[in-house]
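Here the structure is laid out as structure tokens; the discussion comes afterwards.
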Amino acid sequence: MKTISKRKLLNYGFVMSLLAVALANFAIFFVYINFDSIMLAFQVGNGEFGLDNFRMLFADFANPLSVINQALKNTMIFFAFSMLVQFPLSVLLSYFIFRKIPLYKFFRVVFFLPSLISAVVLVNVYTYTVQGPLTDFLSLFMEDVPYFFSNSDYTLWMIVIFVIWSGFGINILLFSGAMSRVPIEVIEYGRMEGVGFFQELVLIMIPLVWPTMSTVIVLGCVGIFNSSGPILLFTQGRYDTYTISYWIYEQTMEASYEYASAVGLFFTCVGLPIVLCVRWLTNKVLEDVEY
């Protein structure tokens, strides 16, 4: 029978001690917390279990004036602008930086800077800019300039603009890195064949960086029902700015864990097939590109 040397036992013990920390973290902060959240979704009080929380949720869906419906609508607005506006603009800006347009280093810093600054500072600077210089400028053309952050007609859209502007940094970093790895021979050959600026982007660059783009798309869809801006720092849900994630946060602060868990579980079940479908579609596109 083959014996294990003392040195190997020590190596195995060292590796297991390192894995023990990661396994304990996984067991406590993923398995236990998620299992406890699922159990809370079915808890109706006094240790009893039932579907009352889900009945309450569907009753809120049936009420067009409920906070849940408002939060879902706002969440979908944030998600739509993230995928349909911020994502393509990030690709386009990354390509401009890749082509080294005039002042491209300056623009690279400007777009990435919000990712380095504290959210509290960034929100305060943005609020001051809108309510200060921008309001003063608009007052030259308008008699009654609204306060953009205490008006239900404007507040949500001002936060949407903030989210788009402050979210460019990471995407540009990822896309620029992927574009910089495209073989220069491919780019030069396309230019020799008379490929123009936007043809190069659509026909060469996007197909070659599609793996990175598809990963960003899938990750964006993973957080489809968590899409929101810094609602806590801006409005705390006032002026019709609730989102699903902020509403759940507010419920937990008020110790309404059961209903919040039911809402989270429901949207998780709805979001899972969406993510799987998007992943299948992006992989299908990747297969076609590789072919």
Side-chain angles (χ1 to χ4, degrees), residues 22-84 119 123 150 152 155-157 159-160 162-163 167 217-281:
L23 290 173
N25 180 77
F26 175 78
I28 295 172
F29 295 104
F30 184 83
V31 176
Y32 171 74
I33 288 180
N34 283 296
F35 177 77
D36 189 50
S37 297
I38 293 173
M39 297 301 294
L40 280 172
F42 295 93
Q43 188 171 329
V44 295
N46 299 323
E48 298 179 359
F49 293 88
L51 299 175
D52 290 0
N53 294 320
F54 294 96
R55 294 191 185 97
M56 188 186 307
L57 174 60
F58 285 105
D60 281 338
F61 283 146
N63 179 9
L65 299 179
S66 67
V67 177
I68 284 291
N69 278 327
Q70 177 198 104
L72 179 58
K73 174 186 173 183
N74 293 341
T75 301
M76 291 298 98
I77 289 174
F78 278 107
F79 176 75
F81 273 87
S82 175
M83 289 289 104
L84 302 178
V123 167
S150 63
S152 299
T155 304
L156 180 68
W157 300 109
I159 300 176
V160 168
F162 172 84
V163 170
I217 292 172
V218 172
L219 290 176
C221 291
V222 167
I224 180 173
F225 294 114
N226 292 325
S227 301
S228 65
I231 305 299
L232 177 64
L233 298 177
F234 273 111
T235 63
Q236 296 83 48
R238 298 190 300 271
Y239 316 116
D240 299 333
T241 58
Y242 271 101
T243 59
I244 295 295
S245 57
Y246 181 78
W247 181 87
I248 292 177
Y249 163 79
E250 190 175 80
Q251 292 298 303
T252 57
M253 292 296 100
E254 296 175 358
S256 181
Y257 305 117
E258 295 83 1
Y259 188 39
S261 297
V263 173
L265 181 60
F266 173 81
F267 284 113
T268 299
C269 294
V270 173
L272 180 60
I274 295 175
V275 173
L276 294 177
C277 289
V278 171
R279 183 175 180 273
W280 178 83
L281 287 173

Going through the checks in order, is the side-chain contact (heavy atoms from CB on, under 4.5 Å) test met by F78 and L156? CA-CA 9 Å; F78 278 107; L156 180 68; 3.6 Å; yes

Between E250 and Q236 the two heavy atoms that sit nearest each other are OE2-O, 4.0 Å

In terms of heavy-atom contacts, L57 and A262 come closest through CD2-O, 4.5 Å

Side chains of V163 and F81 in contact at under 4.5 Å (non-hydrogen atoms): no

Provide the closest heavy-atom pair for A41 versus N53 in the form atom of the first, atom of the second, distance. O-ND2, 2.9 Å

For G264, is there any backbone N or O sitting under 3.5 Å from a side-chain donor or acceptor partner on T268? yes

Under the criterion side-chain contact (heavy atoms from CB on, under 4.5 Å), I'd like the reasoning laid out for Y239 against I159: C-alpha separation, chi angles, the key distance, then a yes or no. CA-CA 12 Å; Y239 316 116; I159 300 176; over 6 Å; no

Taking C-beta and beyond as the side chain, do I244 and L72 meet within less than 4.5 Å on heavy atoms? yes

Sequence neighbours left out, what passes side-chain hydrogen bond (donor to acceptor under 3.5 Å, both in side chains) with T235? Give chain and number order. T241

Describe, in one word, how the ring planes of F234 and F162 are oriented to each other, choosing from parallel (under 30°), tilted (30 to 60°) and perpendicular (over 60°). perpendicular

Run the side-chain hydrogen bond (donor to acceptor under 3.5 Å, both in side chains) check on N74 and Y246 step by step: do they pass? CA-CA 11 Å; N74 293 341; Y246 181 78; over 6 Å; no

Passes side-chain contact (heavy atoms from CB on, under 4.5 Å), I68 versus F61? Steps please. CA-CA 7 Å; I68 284 291; F61 283 146; 3.4 Å; yes

Closest heavy-atom contact between S66 and D60? OG-O, 2.7 Å

Rounded to the nearest 0.5 Å, how far does SG of C277 lie from CG of L272? 9.5 Å

Which word best sums up how the rings of F266 and F58 line up, parallel for under 30°, tilted for 30 to 60°, or perpendicular for over 60°? perpendicular

Taking it one step at a time, do Q70 and D240 satisfy side-chain hydrogen bond (donor to acceptor under 3.5 Å, both in side chains)? CA-CA 7 Å; Q70 177 198 104; D240 299 333; 3.1 Å; yes

Supply the atom-to-atom distance K73 NZ to T243 OG1, rounded to the nearest 0.5 angstrom. 14.0 Å

Side-chain contact, heavy-atom cut-off 4.5 Å: W247 with V263? yes

Give the minimum heavy-atom separation between S150 and T155, together with the two atoms involved. N-OG1, 3.5 Å

Do I248 and Q251 have side-chain heavy atoms sitting under 4.5 Å apart? no

Looking at side-chain heavy atoms only, is the closest gap between I217 and R279 below 4.5 Å? no

Could you state the interatomic distance from CG (L219) to CD1 (I224), rounded to the nearest 0.5 Å? 13.5 Å

Correct closest heavy-atom pair for S37 and S261 would be O-CB, 3.3 Å

Evaluate the ring planes of F54 and F42, with Trp represented by its six-membered ring, and classify them as parallel (under 30°), tilted (30 to 60°) or perpendicular (over 60°). tilted

Is the backbone N or O of N63 less than 3.5 Å from a side-chain atom of N69, with the two atoms forming a donor-acceptor pair by type? yes

